[in-house]
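What you are looking at is a predicted structure, and each value in this text was computed from that prediction instead of being measured.
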Amino acid sequence: MEKYKVGIIGATGMVGQRFALLTSQHPWFEPVVLAASSHSAGKTYREAIGTRWHMADPMPQNVANLVVMDAEADAEAIAAQVDFVFCAVNMTKDETRALEERYAKLECPVVSNNSAHRGTPDVPMVVPEINPEHIKIIEAQRRRLGTKRGFIAVKSNCSLQSYVPALHPLMKYGLDRALVCTYQAISGAGKTFETWPEMIDNVIPYIGGEEEKSELEPMKLWGHIEGNVIVNATEPAITAQCLRVPCSDGHMAACFMKFKGEKPSIDEIKDCWKNFSGRAQELNLPSAPKQFLHYFEEADRPQTKLDRMLEGGMAVSIGRLREDTQYDYKFVCLSHNTLRGAAGGAVLLAELLCAEGYITRK
């Protein structure tokens with residue numbers, strides 16, 4: 001199989017490094033362009049990263065000697081060399097929004113890890129197991145942009161990837177509302193304990209913008225296409241608190257849920273989780289977990305350190321389902337924030353877009 005030629009925009013950051021690692025080993029994708037700011041441009045990737053390689057695995061040889069390009073100044077040259085790009089830049093929302101639209105208008109599809117376009121009504125924000133049908137809005141987006149190949153698709157915020165997949169299969173039972181508290185790893189801020197020593201032995205009860213994203217973004221995932229836009233769902237209502245905790249990787253959530261009418265039994269919920277699968281599993285996409293949702297019967301699972309790498313970090317772990325005194329049920333859940341929640345989720349989305357014919361080879 002001829003591989004898709006891939007560019008990584010924002011390749012020097014933590015998520016960009018994860019993209020480099022994932023695509024260098026990918027059966028469908030080959031990283032041929034790495035781009036970052038003008039500060040890194042002109043250096044080899046190894047030189048640009050220096051001592052800031054944050055992945056557990058070593059830097060792949062097939063990217064180490066690529067010369068980093070300027071994501072802004074070299075946009076035309078980058079777009080000409082690749083079939084599509086992943087975007088994980090560290091820029092303001094306005095700058096990111098403009099840069100991603102520029103690549104799209106250069107007829108280069110953009111699969112973004114950034115939040116800038118998550119609220120854009122004709123930009124699909126997709127978890128392939130939950131709302132794969134939203135990619136159909138790309139046709140309307142292309143008409144707006146005046147493009148034939150180019151478009152932007154985004155993945156949702158990393159904090160959603162633990163509790164939204166667990167809630168989604170239960171919507172058929174009339175889910176009314178949910179309360180969630182997330183306990184989020186420091187890699188979600190692009191940090192390590194070496195670069196953020198004040199997080200050692202510490203919890204910070206604030207992550208800027210995270211609670212708003214955690215409450216609003218699920219509504220877009222559960223929305224529907226109407227004309228040329230995605231119309232957000234209005235229920236179930238979600239309220240969230242988000243805390244930064246001293247873990248390297250893995251976002252955990254404590255979730256409480258209430259149903260409108262007669263609630264399902266605990267056995268029905270567990271069975272629903274066990275048997276749930278989506279379009280990613282149906283298409284047998286390379287990055288898709290064989291089983292998306294795993295339930296642990298042990299009272300002390302899932303645990304971040306033990307379970308975040310389940311199915312290559314692409315599965316969601318759930319445990320401690322029990323009745324609650326104010327809501328119907330409560331449970332805990334866990335996902336790997338830089339794999340399922342960031343670069344891995346974007347790679348899976350790109351696989352879906354390729355499999356469904358929205359990304360093509362030039």
Side-chain angles (χ1 to χ4, degrees), residues 7-19 35-41 70-75 78-79 84-106 108-127 131 134-135 137-138 140-142 144-145 147 150-161 164 182 184 186-191 204 206-221 223 228-232 238 240 242 244 251 337-338 341-343 345-346 349-350:
I8 302 169
I9 311 300
T12 56
M14 185 173 284
V15 175
Q17 291 177 26
R18 181 70 74 181
F19 274 129
S37 68
S38 57
H39 175 74
S40 298
D70 188 317
E72 294 183 276
D74 298 331
I78 293 167
F84 72 97
V85 296
F86 289 112
C87 188
V89 295
N90 183 19
M91 301 166 70
T92 68
K93 279 195 176 185
D94 286 345
E95 290 169 337
T96 302
R97 195 176 293 116
L99 185 67
E100 291 179 348
E101 281 213 1
R102 184 177 172 198
Y103 275 89
K105 288 178 178 178
L106 289 168
C108 180
V110 178
V111 180
S112 178
N113 186 72
N114 294 98
S115 64
H117 274 291
R118 288 181 194 156
T120 305
D122 62 5
V123 170
M125 179 175 70
V126 175
V127 176
N131 62 328
H134 282 194
I135 62 175
I137 200 68
I138 287 170
Q141 186 195 141
R142 281 173 168 160
R144 174 176 65 85
L145 295 174
T147 59
F151 65 86
I152 302 161
V154 300
K155 54 154 291 299
S156 62
N157 191 46
C158 54
S159 67
L160 275 62
Q161 305 294 328
V164 169
T182 62
Q184 301 185 204
I186 63 173
S187 57
K191 305 284 189 179
I204 298 176
Y206 174 72
I207 306 172
E210 203 75 358
E211 287 159 3
E212 294 84 354
K213 294 173 189 173
S214 299
E215 294 170 357
L216 292 174
E217 288 188 16
M219 299 302 107
K220 185 169 184 178
L221 292 178
N228 294 328
V229 298
I230 296 168
V231 178
N232 286 8
I238 295 178
C242 301
R244 188 73 72 191
H251 287 358
N337 58 296
T338 69
L349 172 54

Practice problem: Would you give the length of the straight line joining atom CG of L216 to atom CG of N232, rounded to the nearest 0.5 angstrom? | Solution: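 These two atoms lie 8.0 Å from each other.
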
Please give me the minimum heavy-atom distance between [X] and [Y], naming the atom from each residue.
X    : Y    : result
C87  : E100 : SG-OE2, 3.4 Å
M125 : K220 : CE-CB, 3.6 Å
S40  : T12  : OG-CG2, 4.0 Å
A343 : R18  : CB-CG, 3.4 Å
N113 : A88  : CB-CB, 4.4 Å
I78  : A71  : CD1-CA, 4.2 Å

Can you confirm whether [X] sits close enough to [Y] that some side-chain heavy atom of one is under 4.5 Å from a side-chain heavy atom of the other?
X    : Y    : value
V127 : V164 : no
M219 : I238 : yes
V110 : I9   : no

With sequence neighbours excluded, residues passing side-chain contact (heavy atoms from CB on, under 4.5 Å) with [X]:
X    : value
C242 : T182, Q184, I207, E210, E211, S214
A104 : L145, I152
A140 : I137, R143, N228

Practice problem: Report the residues that fulfil salt bridge (Lys or Arg N to Asp or Glu O under 4.0 Å) with R244, sequence neighbours left out, ordered by chain and then residue number. | Solution: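 In terms of salt bridge (Lys or Arg N to Asp or Glu O under 4.0 Å), with neighbours along the sequence ignored, R244 is linked to no residue.
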
Quiz prompt | Those residues that, when tested against K105, pass salt bridge (Lys or Arg N to Asp or Glu O under 4.0 Å) (two or more places apart) | solution =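 For K105, the residues satisfying salt bridge (Lys or Arg N to Asp or Glu O under 4.0 Å) (neighbours in sequence not counted) are E101.
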
Exercise. Check the pair Q141, V123 against side-chain contact (heavy atoms from CB on, under 4.5 Å), reporting the backbone distance first and the verdict last.
Key: CA-CA 7 Å; Q141 186 195 141; V123 170; 3.8 Å; yes

Run the side chain to side chain donor-acceptor pair (under 3.5 Å) test against [X] and tell me which residues pass, sequence neighbours left out.
X    : value
T120 : H117
N114 : none
N131 : H134
Q17  : none

Quiz item: Under 3.5 Å, is there a donor-acceptor pair linking the side chains of N157 and S159?
Solution: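 The criterion, which ignores hydrogens and geometry beyond distance, is satisfied for S159 and N157.
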
Quiz prompt | F151: ring pair (Phe, Tyr, Trp, His ring centres under 6.0 Å) partners, not counting sequence neighbours | solution =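 If we apply the ring pair (Phe, Tyr, Trp, His ring centres under 6.0 Å) test to F151, skipping adjacent residues, there are no hits.
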
Quiz prompt | Set of residues satisfying ring pair (Phe, Tyr, Trp, His ring centres under 6.0 Å) with respect to Y103, sequence neighbours excluded | solution =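 Testing Y103 for ring pair (Phe, Tyr, Trp, His ring centres under 6.0 Å), a comparison that skips the adjacent residues, returns none.
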
Quiz item: Going by the salt bridge (charged side-chain N to carboxylate O under 4.0 Å, His left out) test, which pairs reach into residues 112-125, not counting sequence neighbours?
Solution: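 Qualifying pairs: R118-E217, D122-R144.
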
Quiz item: Just wondering, are more than 12 heavy atoms of other shown residues or ligands nearer than 6.0 Å to CG in D74?
Solution: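 Yes, enclosed.
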
